[in-house]
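Report on the following structure.
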Amino acid sequence: MSSPRIAWRKSLNFVMLSLTGVAALGVVCVLFLILGYLMWNGGASLNWNFFTQLPKPVGETGGGMANAIVGSLKLLLLAAVMGLPVGLLAGVYLAEFGGHTFSFIIRYTADLLNGVPSIVIGIFAYSLAVLPVKHFSALAGGVALAIMVIPITVRSTEEFLRAVPGSLREGAMALGASKWKTIATVVLPAASGGILTGMLLALARVAGETAPLLFTAFSNRYWGEGWGQPIASLPVMIYTYAIAPYDDWHRQAWAAGLVLLGLVLLSNLGARFILARTKVA
Amino acid sequence: MSAAATTIAHEAPPQSGPRAFIRRLGHGDELAHLITLTFAAGILLLTSLLVYELWINSHLSRSKFGWMFFWTRVWDPNFDNFGAAPFIYGTLVTSAVALVIAVPLGLASAIFLSELAPRKISDSISFLIDLLAAVPSVIYGLLGIFIVVPLMRTTLGPMLIHSVGNVPYIGALFRGPNYGVGFLTAGIVLAIMVVPYIISVSREVLLTVPREQREAALALGATRWESTWKVVLPWARTGIMGSIFLALARALGETMAVTMVIGNAARINPSLLSPGDTIASTIANQFTEATGDLYLSALIELGLVLFLITFILNGMARILIVLTERGGGRPV
């Protein structure tokens, strides 16, 4: 009597469970598709000139994006200098000093700031660093990226500090160290691997950001010396080259995409590798 | 007794008052506390400043258009007439398309990873999916322009027009000229971008469902799928909702990939194949070209609207996820 019912339930079970497997496989395939397509297209257009030459004027083929690579590095340096210390110290506060309610508010705010769309961060950085001086600058781009680095660093720093066992703190204090000495000489060094990894991941995340740079760092077809001038960056170059109508620019956009994705994925892999090793130790 | 009390008073001065505070700062602990507190409060300040700047700089537009800003369907910089309706529409439509594709896909993958796959395989697939989340959005845009747009123009678009386009009601979504760029293309690219978020958060939540729940269902004779569908998912639904909200917030605020494939036209058109614009893509496209204070102010007001939407969604998502992690998920 119930045998067709059971057969139905069994086949439903089989079909639905297979579908979940297919879905997971499909998502993983997307990653390999992205990697493969970028390698194929980008690899074909990548050459030494890409890393050493400036962009050629419109209409001439060849040239490279040396200025954008240096520009991206400069922007990341600014973001690191301005964003990482703030994130680190605020993270130390949350993990070591914070009271219950105030910490909750800070943590919640950091998460919300982390969720603010990057284009809105761009408008914020524009009003902070471009409007007052009336011109785009590398500094403004750095401010935008730093604002994005802060909440990520705060949360990862707090997490790794909390993972340090309380017995280490108690040991240091029992030997007569004051609280800040305990933090500076025992807790922070113990968590340093994780904290540095978190910082690396934060920088990797903002390295690919385009939207906040469009109207802060803007772009530049030359080097853009110093910190007060508009400056080129890899993500913005990919955007402008991809939407331009020239085939040669499309080729270069692929090459730039490959370089950018390579940098981002390698730093992600590196960070996770360090993390896995420090956890074992 | 009194002599002892006076010596102690000498050595340990009163605990309150500004001089005592400065003395304690010299000790180190309070100083460290104060410095880190300053930076933590800085985050609060920074976020408030963000809201303040958006509010102040959108003043011109807010005072001129008022609430009509949300209903006006015209965006005409030449005549200084600005309405956000087409962009709000575009933002909602692209995000809806993205969720329609990404939620079933993401949820199914999360179920596979938490319920079926052995832990080792599950962990390594999750690792790959986390890498997918790290791919910069401009790269998705690049692939969107050169893969999804041609695919939509030559294959998928005509296919949809000829099949679903003739069905009553929903057919209206797939009619009219097909350029390759448009709401549907943007939605597909967005779906690929937000799927990793849904998977990784849902998987975490599903893994917190107690083992006994599954075992009880299986012991009662449920199949694996029935135990997942009727027991595990209801238990985890608050957290899963949280992951969807998080993905929605990402999709609404996503800029570059959408800007590159949506076609950039300030229009409200029922067809998903027609070009459009979202709030974020409009800001990205027009901000540097904005001449005139009112134009700039209107764009900043768009930014304010986007900020408020994602702010609310993110807040709700966090609350939902925290609720489930505290074991608040109730089986029904």
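Proteins get letters first, then strands, A, B, ... in listed order; numbering begins at 1 in each. Keep in mind that the numbers below use all heavy atoms, side chains included, and drop hydrogens, waters and symmetry copies.
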> With respect to B:Val138, which candidate in A:Leu261, A:Leu234, A:Leu260 satisfies the side-chain contact (heavy atoms from CB on, under 4.5 Å) definition?
Replying inline: A:Leu260

> Can you say whether B:Ala249 sits under 4.5 Å from chain A via the side chain, the backbone, both, or neither, judging by heavy atoms?
Replying inline: neither

>> Show me the pairs that pass ring-ring contact (aromatic ring centres under 6.0 Å, His included) and involve residues 122-143 of chain B, at least two apart or across chains.
In response: none

> Do the side chains of A:Phe124 and B:Leu54 get nearer than 4.5 Å, heavy atoms only?
Replying inline: no

> Which residue out of B:Ile129, B:Leu116, B:Ile125 racks up the most heavy-atom pairs below 4.5 Å with chain A?
Replying inline: B:Leu116

>> Under 4.5 Å from any heavy atom of chain A, what part of B:Ile312 do you find: side chain, backbone, both or neither?
In response: neither

> A:Val28 versus chain B, heavy atoms under 4.5 Å apart: side chain, backbone, both or neither?
Replying inline: side chain

>> Let's test your reading of the structure: which of B:Leu246, B:Leu299, B:Leu306, B:Leu252 forms the most heavy-atom pairs below 4.5 Å with chain A?
In response: B:Leu306

>> Give me the atom names and distance for the closest heavy-atom approach of B:Ala108 to A:Thr20.
In response: O-CB, 3.2 Å

> Using non-hydrogen atoms only, which part of A:Phe218 is less than 4.5 Å away from chain B: side chain, backbone, both, or neither?
Replying inline: side chain

> To the nearest 0.5 Å, how far apart are CG in B:Leu50 and CD1 in A:Ile123?
Replying inline: 9.5 Å

> Considering only heavy atoms, which portion of A:Ile150 lies under 4.5 Å from any heavy atom of chain B: side chain, backbone, both, or neither?
Replying inline: side chain

> So what's closer than 4.5 Å to chain B heavy atoms on A:Val154: side chain, backbone, both or neither?
Replying inline: side chain

> Going from CZ on A:Phe215 to OG1 on B:Thr288, what distance comes out if it is rounded to the nearest 0.5 angstrom?
Replying inline: 8.0 Å

>> Within this structure, what is the CZ-CH2 distance for the pair A:Arg9 and B:Trp225, rounded to the nearest 0.5 Å?
In response: 14.0 Å

> Of all of B:Gly141, B:Ala40, B:Gly253, which one pairs up most often with chain A through heavy atoms under 4.5 Å apart?
Replying inline: B:Ala40

>> Given heavy-atom pairs under 4.5 angstrom as the criterion, report whether the side chain, backbone, both or neither of A:Leu25 touches chain B.
In response: neither

>> Counting heavy-atom pairs under 4.5 Å with chain A, which one of B:Thr310, B:Leu142, B:Leu105, B:Thr47 comes out on top?
In response: B:Leu142

> By a 4.5 Å heavy-atom criterion (distance strictly below it), what part of A:Leu88 contacts chain B: side chain, backbone, both, or neither?
Replying inline: neither

>> Nearest 0.5 Å, please: how far is CG in B:Leu44 from CD1 in A:Ile105?
In response: 7.0 Å

> Between B:Ile147, B:Ile279, B:Ile56, B:Thr228, which residue shows the highest count of heavy-atom pairs closer than 4.5 Å to chain A?
Replying inline: B:Ile147

> Taking only residues two or more places apart in sequence or in another chain, which ones pass ring pair (Phe, Tyr, Trp, His ring centres under 6.0 Å) with A:Trp180?
Replying inline: none

>> Looking at A:Asn13 and B:Thr223, would you say the former's side chain and the latter's main chain have a donor-acceptor pair under 3.5 Å?
In response: no

> chain B heavy atoms under 4.5 Å from A:Phe102: which part of the residue, side chain, backbone, both or neither?
Replying inline: side chain

> Tell me, side chain or backbone of A:Val120 under 4.5 Å from chain B's heavy atoms, or both, or neither?
Replying inline: both

>> Please report the interatomic distance CD(B:Glu53) to CG(A:Leu131), rounded to the nearest 0.5 Å.
In response: 8.0 Å

> Do you know which of B:Ile111, B:Leu113, B:Asn57, B:Leu302 has the most heavy-atom pairs under 4.5 Å to chain A?
Replying inline: B:Asn57

>> Using side-chain contact (heavy atoms from CB on, under 4.5 Å), reason through B:Phe311 and A:Leu112 one step at a time and then give a plain yes or no.
In response: CA-CA 6 Å; B:Phe311 188 83; A:Leu112 290 178; 3.4 Å; yes

>> Heavy-atom cut-off 4.5 Å, strictly under: side chain, backbone, both or neither for B:Ile139 against chain A?
In response: side chain

> What distance separates B:Leu46 CG from A:Leu113 CG, expressed to the nearest 0.5 Å?
Replying inline: 6.0 Å

> Do B:Ile43 and A:Pro151 come within less than 4.5 Å of each other through their side chains, counting heavy atoms only?
Replying inline: no

> So, A:Tyr93 side chain and B:Ile35 main chain: donor-acceptor pair closer than 3.5 Å or not?
Replying inline: no

